[in-house]
Amino acid sequence: MIKPSVLLFALLMSAPAFYRLLGDEVDLIQVLIRFLIAVPIAAVLLAGLRFVLSGYRKADEETPGAVMVPEPYDSREPGKSN
């Protein structure tokens, strides 16, 4: 199923062709072909954007694990405090 955001982005990408259609510079078939070419390109671009942004979303949703407690720098043995 194609998401509405993909169709809207493809429409924006092919908007110059629709504008040229109003001035009778191109045929309707050419405009529709350009729109059909723009749909998979828009789907790939938006999928990449969703992939990049999903990493930030997961970082916000995760709960913090163990709490780290700082130790003094001059401790003689690691893991033991004086």
Can you hop from [X] to [Y] via hydrophobic side chains spaced under 4.5 Å?
X	Y	answer
Leu49	Ile41	yes
Leu32	Ile37	yes
Val44	Phe51	no
Phe35	Ile29	yes

Under the side chain to side chain contact (heavy atoms under 4.5 Å, CB included) test, which residues partner Ile2, sequence neighbours left out? Val6, Leu7, Val39
Going by side chain to side chain donor-acceptor pair (under 3.5 Å), name the pairs with one or both residues in residues 27-46, residues two or more places apart or in two chains. none
How would you list all residue pairs meeting side chain to side chain donor-acceptor pair (under 3.5 Å) that involve residues 14-26, not counting sequence neighbours? Arg20-Glu25
Note: Leu11 and Phe18 closest approach over all heavy atoms is CD1-CE1, 3.6 Å
Minimum-distance pair of heavy atoms, taken over all atoms of Ala42 and Ala10: CB-N, 3.9 Å
Gap separating the CG atom of Leu45 from the CE atom of Met13, nearest 0.5 angstrom: 6.0 Å
Taking atom CD1 of Ile33 and atom CG of Leu28, what is their separation to the nearest 0.5 Å? 10.0 Å
